[in-house]
Amino acid sequence: MSSFPMNERQTVIVHVAVPLPLDAPFSYRVPAPLAPAAAVGRRLLVPFGRRKVTGYVLEVVDDDGRELRDVLEFLDDGPLFTPSELALYRWASSYYLHPLGEVIKAALPAGINVQSRRGRGLEEDELTGGRSVKTERVYRAVAGVPETAPPPGKAWVLLAHLTERGQESAPELRRLFGECSVQLRRLRELGFVEMAEREIYRDPFRMETVGHDCPLVLNGRQTAALVRLRTALDAGRFTPFLLRGVTGSGKTEVYLQAIAHCLEQGRSALVLVPEIALTPQLVSRFRRRFRCGVAVLHSGLSDGERFDEWRRIRRGEAAIVIGARSAIFAPLAELGMIVVDEEHEGSYKQGEGFRYNARDMALVRGKMAGACVVLGTATPQVTTWHAVAGGKLECLDLPERVNGLPLPSAEIIDVRGARGSILHARLAAEVEENLARGEQTLLFLNRRGFSTWLTCEECGHVLRCPNCQVTLTYHQGRNRHICHYCDYAVPAPSLCPGCGCGRIIHLGLGTEQVEAYVREHFPHARVDRMDRDTTARRGGHARILRKVAERQTDILIGTQMVAKGHDFPGITLVGILSVESTLNIPDYRSAERTFQLVTQLIGRAGRGDDPGRVLIQSLNPDHYALAHAVAGDMDGFYGAELAFRQETGYPPFAHLAALCLSGTAASAVERTSELLAARLRELRRDGGGRVEILGPAPAPLAKLRGRFRRQILLKAADRTTLHRLVRRVRESFQPPAGVRLQVDMDPVDLM
DNA sequence: AGCCTTCACGCC
DNA sequence: GCGTGAAGGCTA
């Protein structure tokens, strides 16, 4: 820290993080005229080799006369982050082993960063041309009558409107009168109207919020949870909770009332949701409940909208932020409470670039801010449950549904030996019966499209993505074969592309095919489908949900999407068509995921006083994840799963890290992974200790989105050892040009 | 020779 | 990440 306030003539030195894959900060001299602007959190422009790059001030220190290059310019009006936010960035950078500059860049709203422009001779405007304040044009009628008469026609209508209203914005005029810039320009030239620029916020939620939502009366368990949260908030210390509540147990109301208490204390609140695009109801409920500003941050916003929401938060105009994972960096001051809703969701993890987990960071940020952190879910992660058992988290239970209904009955249908039928006779009969009673059915399959792959019965040719090497999924609606990783698509062939014969067959069931099957077998039913293909357009979710709510849909077919967050109040029968597609994903958490999915789907059933039924078609009817989910036996499942994890050495009994290599040249990635593995073994030998090195596997390289990838998985009993090894390898191993090394700490996705 | 691609290096 | 400059290879 330097001495403030400083003499204006004095120069200072700033330590700067640049958003590049470099670990060390760089120092620059701030020339005297710029010195007053030097402060932690400021964005600036510095010379970097032959380039100019943006950087972030980490520290301001006294000039010690070292030979340094000069800062070129400070950007923005003031700092973009506070020292306490910097502390969070530093923690993330060191924990996730990712360069600080890139962490800061990821934490700040997209669009404010101006990346380097090549070479010399660049214009000043170019550099400051990043996303900034948005303005709109406002037209105003000029008082007093100019000498000429106003032009007739559209211009006259515009002038009359402006005279009546006093002033109007350009977009509004365009909305009312159509394209009218020519006329406006003419009116300005003639002196009838004048124009001004006005600073505006882009409003990401156009939906008007009507009415006011009042706190609901809580049941006994909700009250107990709320009382506990209030006590913790009053204590003003970091306190982490698991709020475990079955679907429909009223978790949201507990959040709302706890947050109300937090706001009364003058503190702010952050609510993380797995995918905000899917939860507009939640946002509107918050907006109706709280009159203070509610800001929204998620990837669906344009850069400009996001920047505006970020500025509102920074200026203290919004005390509540609802957002997806990146909102963990929302610039809220005086943070009192962080809610992580559906904490078990995998989407809290960022899987590319700066690989962080917002659910984990919520605990860290909460600790730094002295806030309460509430992890809410019906089906906690196994690791979360283990933390509860170890006394690290306090568990608040909401075991009852608000409506008092018992949970639906669930049953497994053994489909072994009944290959080929999409709906087992048993399930088909139940659907028929449910239709006859005028009740609604949900059929779940975790795979969109018509069929997963196309093959030739003559030559065995299979259609694959040239970028990703995965099979192309056939989409009947578009009559194309599409890659689900990179969206590569080819028109559906009628003859085998390998041998030209006509004997091509579709294998692997998808929701489109289920829909076709259901329409054929239940011709009188009103059928709808909800997956990424039918909800791609804006408002797609709402349309399907409304039809279900208004009982215009008898049978809804859906993917993952239907299990997450949405309420389907009328569904009395749920059919899970092939639980194997989740159970057999090559990931050590597949059993956990299956248990969570089935439990969540069971929670979706029931209407009025009918608790509903759930039928699960399975080839593994005795699997423990299914058995415990069907029995509603949480403790049984967690017990079994923890035993399995302990036996196999997976979290929470071991820590994992993956070193991910990627590049466009297969041979370079291959060679680098061998070198990296050798270096790892070397490091482990001299003092690394008990870290298990898995890989590189002698398998073909995985190829995704045109990049070849390989990862080396590391397992260790304690995190410190693992961290030390990864840190050392990253310091001493420079991947060759064209290959990128990224670290993925702890919650690892196996490929 | 001239020109192009490949690769190790360093950036305050 | 990206610009640099040295090294090797191909055409004339």
- Which word best sums up how the rings of A:Tyr96 and A:Phe354 line up, parallel for under 30°, tilted for 30 to 60°, or perpendicular for over 60°?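 Judged by the thresholds at 30° and 60°, the geometry between A:Tyr96 and A:Phe354 is perpendicular.
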Distances for protein N/O vs nucleotides 6-9 of chain C N/O pairs under 3.5 angstrom?
none

- Contact class for A:Ile13 vs. all strands (heavy atom < 4.0 Å): base, sugar-phosphate, or nothing?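 No contact.
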- Query: Within the structure shown, what part of the strands sits under 4.0 Å from A:Phe48 by heavy-atom distance: base, sugar-phosphate, or nothing?
  - Reply: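 Since a base atom lies under 4.0 Å of A:Phe48, the category is base.
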- Message: Can a donor-acceptor pair be found, under 3.5 Å and without considering hydrogens, that links the side chain of A:Gln10 to the backbone of A:Ala32?
- Response: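 A pair under 3.5 Å: no.
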- Message: For the backbone of A:Val296 and the side chain of A:Glu309, can you confirm whether one donor and one acceptor N or O come within less than 3.5 Å of each other?
- Response: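 Pair found, side chain donor or acceptor close to backbone of A:Val296.
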- Query: Rounded to whole angstroms, how far apart are CZ on A:Phe354 and C1' on C:dG1?
  - Reply: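 Taking CZ of A:Phe354 and C1' of C:dG1, I get 18 Å after rounding.
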- Query: Just how far, in rounded Å, is C1' of C:dG3 from NZ of A:Lys52?
  - Reply: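 Computing the A:Lys52:NZ to C:dG3:C1' distance gives 15 Å.
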- Query: How about A:Phe329 and A:Phe81: are their ring centres within less than 6.0 Å of each other?
  - Reply: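 So the answer is no for these two rings.
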- Given the side-chain rings of A:Tyr95 and A:His723, with only the six-membered ring counted for Trp, is the space between their centroids under 6.0 Å?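 That pair passes the under 6.0 Å test.
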- Is any side-chain N or O of A:Arg51 closer than 4.0 Å to OP1 or OP2 of C:dC2?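 For C:dC2, neither OP1 nor OP2 has a side-chain N or O of A:Arg51 closer than 4.0 Å.
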- Message: Need two values: the first and the last nucleotide of DNA chain B, 5' to 3', having an atom under 4.0 Å from any heavy-atom of chain A.
- Response: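 Going 5' to 3' along DNA chain B, contacts run B:dC11 to B:dC12.
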- Message: Under a 3.5 Å threshold, yes or no: a donor from one side chain and an acceptor from the other, between A:Thr721 and A:Asp718?
- Response: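 Their side chains do contain a donor-acceptor pair, which is all the 3.5 Å distance test asks for.
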- Message: Is it the case that the side chains of A:Thr672 and A:Arg710 hold a donor-acceptor pair, with the cut-off being a distance below 3.5 Å and no angle test?
- Response: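 There is no such pair (donor and acceptor under 3.5 Å, judged by atom type) between the side chains of A:Arg710 and A:Thr672.
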- Please identify each residue that fulfils side-chain contact (heavy atoms from CB on, under 4.5 Å) with A:Glu345, with sequence neighbours left out.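 In terms of side-chain contact (heavy atoms from CB on, under 4.5 Å), with neighbours along the sequence ignored, A:Glu345 is linked to A:Pro274, A:Glu342, A:Ser347, A:Tyr348, A:Lys564.
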